[in-house]
Amino acid sequence: MKNLLRDLRAERGWSQADLADKLNVSRQTVNAIETEKYDPSLPLAFKIAEIFNMKIEEIFIPNHRK
Amino acid sequence: MKQTMQRYMINFRPAFVWGVIGLATIFASGWLFQSAVLRPTLRILLALFPLIPAGLFLFYLIKGIRGLDELQQRIYIETATLTFIVTILLTFLFGSLQRAGLYTAKWDDIGNTMMFVWVCIYLLNDWRYR
């Protein structure tokens, strides 16, 4: 699944560690999501959407959708 | 990396302590079996004694894993599953080697192999998500 996490984080000037602190996860998890090696669970996806004040589908894009 | 390591250290410190105590009791009981003449009841109690720290190790290990975030939990679960499968296969291999008269495995070999396999698979799994 593709996502805009890296761009959204960069827009706000946050480091991966900053975002990891806000989400209460490790920096490794944030990095794995950004590099699309790992798709977050639904609760974590909701938390990410809440932090960026966006909808889940605006941040995460399924591979079949362009 | 530093934050992840700190999280690991905090979550797994009690498990680590009980693991070390467990290993120490295993070695101590093994040493006592060889160096002292003990009554059968005492031998049974001494042989079962390491189960107490081992049980506490397991309890704190599970508690530590539950305190990790979802990706780290996934890494641990994948590692445990693969280690289990590889250890079973290696146990069959030890059996085959024994039947062929090439190598007689000891009980400790299985435990040591399992720990070695765990570390290798964990490092590999952790690297996958970096």
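Per chain, numbering begins at 1; letters A, B, ... match sequence-line order.
Neither the backbone nor the side chain of A/P43 has a heavy atom closer than 4.5 Å to any heavy atom of chain B. Interface residue B/R74: only side-chain heavy atoms are found under 4.5 Å from chain A. When heavy atoms are compared at a cutoff of 4.5 Å, B/I75 approaches chain A solely by way of its side chain, counted from C-beta outward.
With hydrogens and angles disregarded, a donor-acceptor distance shorter than 3.5 Å links the side chain of A/N3 to the backbone of A/I33.
Taking the six-membered ring where tryptophan is involved, the planes of B/Y129 and A/Y38 are perpendicular, since the angle between them exceeds 60° and thus also 30°.
If you chain together hydrophobic residues whose side chains sit under 4.5 Å apart, B/W31 and B/F33 fall into the same group.
Annotation for A/F46: atom CZ does not count as buried by contact number, only 12 or fewer foreign heavy atoms lying within 6.0 Å.
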